[in-house]
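Read through the structure below, which is laid out as structure tokens, and then see the notes.
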Amino acid sequence: MSGSLLVDNIGELVTNGAGEGPLGIRRNAAVLVEEGRVVWVGASAYAPAADHHVDAGGAAVLPGFVDSHAHLVFAGDRAAEFAARMAGQPYTGGGIRTTVGATRAATDDELRATVRRLRGEALRQGTTTMEIKSGYGLTVADEARSLRIAAETSTETTFLGAHVVPAEYADRPDDYVGLVCGPMLAAAAPHAKWIDVFCERGAFDVDHARAILACGQAAGLGVRLHANQLGPGPGVQLGVELDAASVDHCTHLSDADVAALADTARSDGSGTRTVATLLPGAEFSTRSPYPDARRLLDAGVTVALATDCNPGSSYTSSMPFCVALAVREMRMTPAEAVWAATAGGARALRRDDIGVLTPGARADLVVLDAPSYLHLAYRPGVPLIRQVIRNGAPQ
């Protein structure tokens with residue numbers, strides 16, 4: 001859309017910047033957008049003229065959600081596995097190999113259609129930025145094509161060749177790590193911004209994870225890490241050691257893990273350099289204990305929320321659902337959960353141009369069909385996203 005856009009008559013504007021309370025709320029506000037960027041925020045009564053106009057009708061407006069952990073490039077279905085878990089079978093992560101087989105057999109167009117379908121779902125629910133991982137190919141060619149397809153939809157792409165050791169390398173994990181660090185990384189790196197490892201029992205131990213992540217860093221990729229989901233382990237402290245942007249899951253943390261995250265505090269007091277990204281959809285879908293967000297927040301750790309959208313352990317694309325779970329199950333306040341789903345997700349991607357509505361930020365806005373952000377947790381499961389504006393353009 002060419003020309004400027006004014007969104008006015010906003011009853012409650014969440015800026016995550018200057019304003020009332022931790023969300024920087026402004027009342028009776030307006031936002032002016034030019035060339036995909038926010039250029040002015042102020043009182044609706046003093047809003048400048050613009051070429052185009054959106055009347056919020058007194059509703060709440062907040063930054064677009066930033067989903068910093070999602071697995072969208074896959075084929076197949078694991079509904080039967082979900083049903084088995086609901087009947088009492090524990091989650092072990094072993095079902096990943098089922099999706100690997102289906103993904104390898106799929107065509108590019110089939111994978112592309114799944115990514116676009118899920119990305120469209122997320123956008124309609126207010127997600128304007130979405131990280132997308134590979135990890136269901138686990139061959140050089142399949143990981144490279146997964147990332148090429150992901151990059152058609154997102155600039156936040158993550159190489160997860162170290163998701164699990166594939167069946168053909170089950171007795172040769174060292175050889176698979178060599179493949180990941182060598183030909184697979186070389187093929188994947190041109191299409192990726194980040195590298196990730198599933199550092200967990202049944203997946204990759206700490207020595208293998210460190211080696212893979214170090215190779216990724218040497219190739220110019222930023223570090224992310226699946227850590228401490230299935231039980232206590234070294235993943236969180238490895239992430240801190242390697243200056244990971246985010247350690248994700250964080251379900252089983254020791255006091256030392258929390259302290260290590262807290263010790264990455266930024267000198268300007270704006271939070272921790274390594275973010276703890278919590279994925280409550282996974283706990284909901286696996287009947288596992290939820291992470292203790294309150295413990296992390298009280299220690300001064302920056303917390304993000306993400307969907308972990310994947311076909312096995314968290315098949316949801318809804319950030320509003322994750323906000324509601326975080327408030328109900330993880331002892332977060334509604335304000336903390338909304339911040340974590342917007343500005344927190346941006347921090348987990350080391351971005352300062354998204355997750356906020358302040359001059360200079362990308363113009364990603366969500367208009368709620370509600371008077372306040374509180375309704376995201378207060379009315380779980382209700383489709384409250386009235387309108388999404390992404391990069392300054394109504395969707």
Side-chain angles (χ1 to χ4, degrees), residues 16 36 62-74 111-136 146-160 163 191-196 221-222 224 226 245-246 248-249 275 277-282 285 303-323 325-326 337-357 361-366 376 385 387-395:
N16 289 330
L62 59 152
F65 297 118
V66 180
D67 186 350
S68 61
H69 184 127
H71 307 250
L72 304 189
V73 190
F74 66 86
L111 295 179
R112 185 174 290 115
T114 297
V115 172
R116 290 178 177 174
R117 172 176 61 83
L118 293 171
R119 185 65 190 92
E121 279 183 9
L123 183 63
R124 291 191 296 274
Q125 296 174 90
T127 298
T128 49
T129 301
M130 198 169 198
E131 182 257 18
I132 304 176
K133 303 180 190 295
S134 66
Y136 290 121
S146 293
L147 286 161
R148 283 197 303 270
I149 290 167
E152 294 171 4
T153 303
S154 177
T155 60
E156 299 291 345
T157 54
T158 299
F159 169 47
L160 184 58
H163 202 178
H191 313 289
K193 180 177 179 181
W194 304 95
I195 188 167
D196 195 347
L221 303 182
R224 324 185 67 72
H226 285 62
S246 180
D248 299 15
H249 286 291
V275 173
T277 299
L278 309 184
L279 311 169
S285 297
V303 169
L305 290 175
T307 63
D308 192 19
C309 183
N310 76 83
S313 61
S314 184
Y315 202 7
T316 180
S317 56
S318 175
M319 287 291 278
F321 174 63
C322 292
V323 167
L325 283 179
V338 166
W339 191 94
T342 52
R347 296 280 184 89
L349 296 172
R350 292 200 168 150
R351 299 273 298 271
D352 59 11
D353 62 326
I354 55 177
V356 297
L357 291 176
R362 200 171 78 178
D364 294 343
L365 302 86
V366 173
L376 290 166
I385 308 304
Q387 185 169 14
V388 178
I389 296 168
R390 184 173 184 268
N391 202 27
Q395 302 297 296

Item to check | side chain to side chain contact (heavy atoms under 4.5 Å, CB included) evaluation trace for Leu62 with Val338 | outcome: CA-CA 9 Å; Leu62 59 152; Val338 166; 4.1 Å; yes
Checklist entry - Does Thr128 reach the side chain of Val388, with side-chain heavy atoms less than 4.5 Å apart? => result yes
Checklist entry - Who passes side chain to side chain donor-acceptor pair (under 3.5 Å) against Ser146, sequence neighbours left out? => result none
Next on the checklist: Can you list everything that forms a side chain to side chain donor-acceptor pair (under 3.5 Å) with His163? Sequence neighbours excluded, please.
Outcome noted: none
Item to check | Side chain proximity check, Asp308 to Ser313, heavy atoms < 4.5 angstrom | outcome: yes
Checklist entry - Who pairs with Ala150 by side chain to side chain contact (heavy atoms under 4.5 Å, CB included), at least two apart in sequence or on another chain? => result Val73, Ile132, Thr157
Checklist entry - Do Leu305 and Pro280 come close enough that some side-chain heavy atom pair is under 4.5 Å? => result yes
Next on the checklist: As an exercise, state the distance from CD1 of Ile149 to OG of Ser134, rounded to the nearest 0.5 Å.
Outcome noted: 11.0 Å
Item to check | Minimum side-chain heavy-atom gap Leu221-Trp194 below 4.5 Å | outcome: no
Item to check | Minimum heavy-atom distance Ser246-Thr277, with the two atoms named | outcome: OG-OG1, 2.6 Å
Item to check | From CA spacing to verdict: side chain to side chain contact (heavy atoms under 4.5 Å, CB included), Thr127, Glu121 | outcome: CA-CA 9 Å; Thr127 298; Glu121 279 183 9; over 6 Å; no
Item to check | Worked check of side chain to side chain contact (heavy atoms under 4.5 Å, CB included) between Tyr315 and His71 | outcome: CA-CA 10 Å; Tyr315 202 7; His71 307 250; over 6 Å; no
Next on the checklist: Would Leu357 and Leu365 count as a side chain to side chain contact (heavy atoms under 4.5 Å, CB included) here? Give the steps.
Outcome noted: CA-CA 8 Å; Leu357 291 176; Leu365 302 86; 3.8 Å; yes
Item to check | Arg124: partners by side chain to side chain donor-acceptor pair (under 3.5 Å), with sequence neighbours left out | outcome: none
Checklist entry - Where do Val66 and Gly345 come nearest, in terms of heavy atoms and distance? => result CG1-C, 3.5 Å
Next on the checklist: Treating Ser314 as the side-chain partner and Asn310 as the backbone partner, does any N or O pair qualify as donor plus acceptor under 3.5 Å?
Outcome noted: no
Next on the checklist: Please give me the minimum heavy-atom distance between Ala304 and Ala348, naming the atom from each residue.
Outcome noted: CB-CB, 4.2 Å
Checklist entry - Are side-chain N/O atoms of Glu131 and Ser68 paired as donor and acceptor at under 3.5 Å? => result no
Checklist entry - Any side-chain heavy atom of Gln395 sitting closer than 4.5 Å to one from Leu123? => result yes
Checklist entry - Would a 4.5 Å heavy-atom cut-off, applied to side chains only, mark Phe74 and Leu118 as touching? => result yes
Item to check | Approximate separation, where rounding is to 0.5 Å, of Leu376 CG and Ile385 CD1 | outcome: 6.0 Å
Item to check | Partners passing salt bridge (charged side-chain N to carboxylate O under 4.0 Å, His left out) against Glu152 (at least two apart in sequence or in another chain) | outcome: Arg112, Arg116
Item to check | By side chain to side chain contact (heavy atoms under 4.5 Å, CB included) - contacts of Ala361 (at least two apart) | outcome: Val356, Thr358
Item to check | Distance in Å, Ile354 CD1 paired with Phe65 CZ, rounded so as to fall on 0.5 Å steps | outcome: 13.5 Å
Checklist entry - Does Thr342 have any side chain to side chain donor-acceptor pair (under 3.5 Å) partners at least two apart in sequence or in another chain, and if so, which? => result Asn16
Next on the checklist: Could you work out, with salt bridge (charged side-chain N to carboxylate O under 4.0 Å, His left out) as the rule, every residue matching Asp196, not counting sequence neighbours?
Outcome noted: Lys133
Next on the checklist: Run the side chain to side chain contact (heavy atoms under 4.5 Å, CB included) test against Ala70 and tell me which residues pass, sequence neighbours left out.
Outcome noted: Asp67, Leu72, Met130, Thr307, Cys309
Checklist entry - Which distance, rounded to the nearest 0.5 Å, do you find between the CZ of Arg119 and the OG of Ser154? => result 7.0 Å
Next on the checklist: Walk me through whether His69 and His249 qualify under side chain to side chain donor-acceptor pair (under 3.5 Å).
Outcome noted: CA-CA 10 Å; His69 184 127; His249 286 291; 4.6 Å; no
Next on the checklist: Going by salt bridge (charged side-chain N to carboxylate O under 4.0 Å, His left out), name the residues that satisfy it together with Arg362, two or more places apart in sequence or in a different chain.
Outcome noted: Asp364
Checklist entry - Do Leu160 and Tyr136 have side-chain heavy atoms sitting under 4.5 Å apart? => result no
Checklist entry - Looking at Gly64 and Val366, what are the two nearest heavy atoms and their distance? => result CA-CG2, 3.7 Å
Item to check | Set of residues satisfying salt bridge (charged side-chain N to carboxylate O under 4.0 Å, His left out) with respect to Arg351, sequence neighbours excluded | outcome: Glu156, Asp353
Checklist entry - Are any of the side-chain heavy atoms of Leu349 and Arg224 separated by less than 4.5 Å? => result yes
